[in-house]
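Only one structure is covered here, and it is reproduced in the block below.
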Amino acid sequence: MKSHVLGIDFGSTTAKVVILDEDGNTVASCVSQKGAVSDEGVRAALRGAFEQAGIDLSAVVRVVSTGYGRRMLDIADRTITEITCHARGARALVPEARLVIDIGGQDSKVIALDRSGLVARFAMNDRCAAGTGKFLEVLARAVNVELEDMGAEALKAEDTVAITSMCATFAETEVISLLAEGRPKQVILAGVHQSIASRTVGLVGRVGKHDPIVMTGGVAQNIAAVHFLEKALETRLIIPTGAQIAGALGAALFALDDLRSASKVKRDDDDAVEAKLEQLLADPQRCTPACGKKETPVTFKG
Amino acid sequence: MNTVLDKFAQAAQRPYEHVKAWKQERGVKAVGTLPMHFPAEIIHATGALPVIVQEMPDAITSGGGAMYPFFCGYTRSIVDQVTEDQLGFLDAIMFTDHCVQLLSAADVIRISRPETTIHFHQLIASLRQPWSLESSVKTLRELVADLEEVLGVVVTEEALRHSISVFNENRRLIRDLYQMRRTGQIQLRASQMQHIVKSSMVMDKETHNALLRELIASLKTSTAPRSDEVAIFVSGHLCHAPRPEILDLIEDCGATIVDDDLYTGYRYVSTDVDAGIGDPIVALATAYIRKNDNVPCPTRIDPEVDWEEWLLGAVDRCGAQGLVVLLVKFCEPHYFAYPRIKAAFERNEVPHLMIETEHDGVAMENVRTKVESFVEMIKVQRAARAVAA
């Protein structure tokens, strides 16, 4: 039986899981949206990934966790930050990447990579949710548009409007005022995405712009965010397949390093990983089809 | 050892309670000073207890209305302490300027609390002029005369020489601790070092010296090489203490702070006063001019010393693998200097991380992610260099 490793990105709004086999093949990846650092979300993502991989829990011998909830998972052998994991994952998906823009639920990060792919510098948002997925969530609610429709709606606008507030809550007030003035929703949404782009460009300025630029994180799926960011940066962004799971992939690759450096010798406590996984997955709340969104495994070999 | 460290921690955490208790116990006067450049030896020579006014963690209330919100937390905090009548236990407050914001604070305090005894002396900021020493001597003599009048005492040369000796010993003992930490002989956390230095700013110096000697005698020393995973130099916070939680957080993320230029750190003890100079006032003025060579201060004008170049050397000398800059929000001197520091560290490919701090606190989880990423970055780069070699 092949050994496998798990990378878990326990984010602020979603949980992502990637399973690699000992040869570095991606055998499963799964995203679950269950709210802020939710145990249920992790369980759902794990169940989805195991179902997809068709492997037994006992096949998993190394686990690395990342994301805001990384320290909450006692099944992890070690934790690594999302900055390091997104850099590793993005570089694996796009080997020529020199800059990674990761806009997640709670924060946004810009990571400069050196020529060998190592993190050289990074910057992340400090104090507010402006420029993050949470910012989009709050403003989608204010404009009464589904989150997944925001991007397409914004791109319908022929004009845009400036959203100047640095704080998500104040921006919501600003948007409500604009709605009260009778501004079209599409125009406001274009302004919201433009605002995210300008915040992100500020972070890019702190570490320096280096092409090619790869975008990861959930917001990479938003076509308007990508459009306005490309416009602001005056360059094309590479959005790899599996952009949202880049952090989990990076974590899995670090787990694979650990496995390989251990010379594939079964550790004394390998069984402990299985036991902890069993315990975590034994929660009485069963996964429903809606809570674990399976993704097509990304084409990658570590 | 813990008992001594606990005493330092208590004085550092509740500085004014310590001073009030000391005054009551000893029946002495206490004179507050602003940080950085005031030679507290002069107050000590009067028999009064010198007290460096500290930033307090309390929310800024009435003082907030007297100051612009874009003034730094320390400035707003001391104004708030005065308007909230928290500094009434001080018999006087002596100001020497070190930044424009504190000049404003002195005015605000004078206007809002005219009954508070405040004296202001401006030490020359330009350190390399032919007249810099003479100007500093003149200012310090005025300061002594002012203190003599306020406290009704005469400051003798003999008393000043004694105070210089006591302060020099205090600085030397703390520098000894720093050196033992740099070499890994002792394991004290950065927050414990902060308690040691900060308590020195409010405690009677002879008492502090006795405690330091007791601490050094009780510390277990090791000859094994330093075992820290990633050694870090911390820079910034030029006039008040960073929250100890931030120092703990940095060290909890897999780094060891081996050296610093913090005011409540090495900056405070960097330079002794030359006891061999006959006139103690000239000796104090000379130390004021010279200390910029040992730890540069961006509030002083010194064309011969670049803070960024000094920092690169300091990081190298202590064996640190990276620099963490703790930058106080709205600290103008630091804002002015930071771009050059950033550029110098990037040019020399020495990892550095800037964390902006503010009076109301920082988002600790955000800071934790930054510091952990910084430590991971250094480790991965180090491993790659080892493989390449």
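None of the values given here were measured: they were computed from a predicted structure. In what follows, every chain begins at residue 1, and chains take the letters A, B, ... in the order their sequences are listed. These numbers come from the heavy atoms of this one structure, side chains and all, not from hydrogens, waters or symmetry mates.
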Item to check | Closest approach of B:Thr369 to A:Thr81 (non-hydrogen atoms, all atoms of both residues) | outcome: O-CG2, 3.7 Å
Checklist entry - Closest approach of B:Lys370 and A:Phe122, non-hydrogen atoms and distance? => result O-CZ, 3.3 Å
Next on the checklist: I'd like to know if B:Glu376 and A:Arg88 make a salt bridge, using a cut-off of under 4.0 Å between side-chain N and carboxylate O.
Outcome noted: no
Checklist entry - In terms of heavy-atom proximity below 4.5 Å to chain B, should A:Ile111 be classed as side chain, backbone, both, or neither? => result neither
Item to check | OH/B:Tyr335: more than 12 non-hydrogen atoms of other groups inside 6.0 Å | outcome: yes
Next on the checklist: Does any backbone or side-chain atom of B:Glu349 lie under 4.5 Å from a heavy atom of chain A? Answer side chain, backbone, both or neither.
Outcome noted: neither
Checklist entry - So what's closer than 4.5 Å to chain A heavy atoms on B:Ile355: side chain, backbone, both or neither? => result neither
So do the side chains of [X] and [Y] get within less than 4.5 Å of each other, counting heavy atoms only?
{"X": "A:Ile83", "Y": "B:Phe374", "answer": "no"}
{"X": "A:Met124", "Y": "B:Asn366", "answer": "yes"}
{"X": "A:Arg70", "Y": "B:Glu372", "answer": "yes"}
{"X": "A:Arg121", "Y": "B:Lys342", "answer": "no"}

Next on the checklist: When you measure from the side chain of B:Glu346 to the backbone of A:Val207, do you find a donor-acceptor pair of N or O atoms at a distance under 3.5 Å?
Outcome noted: no
Checklist entry - What option among B:Met354, B:Arg368, B:His352, B:Met377 has the most heavy-atom pairs under 4.5 Å with chain A? => result B:Met377
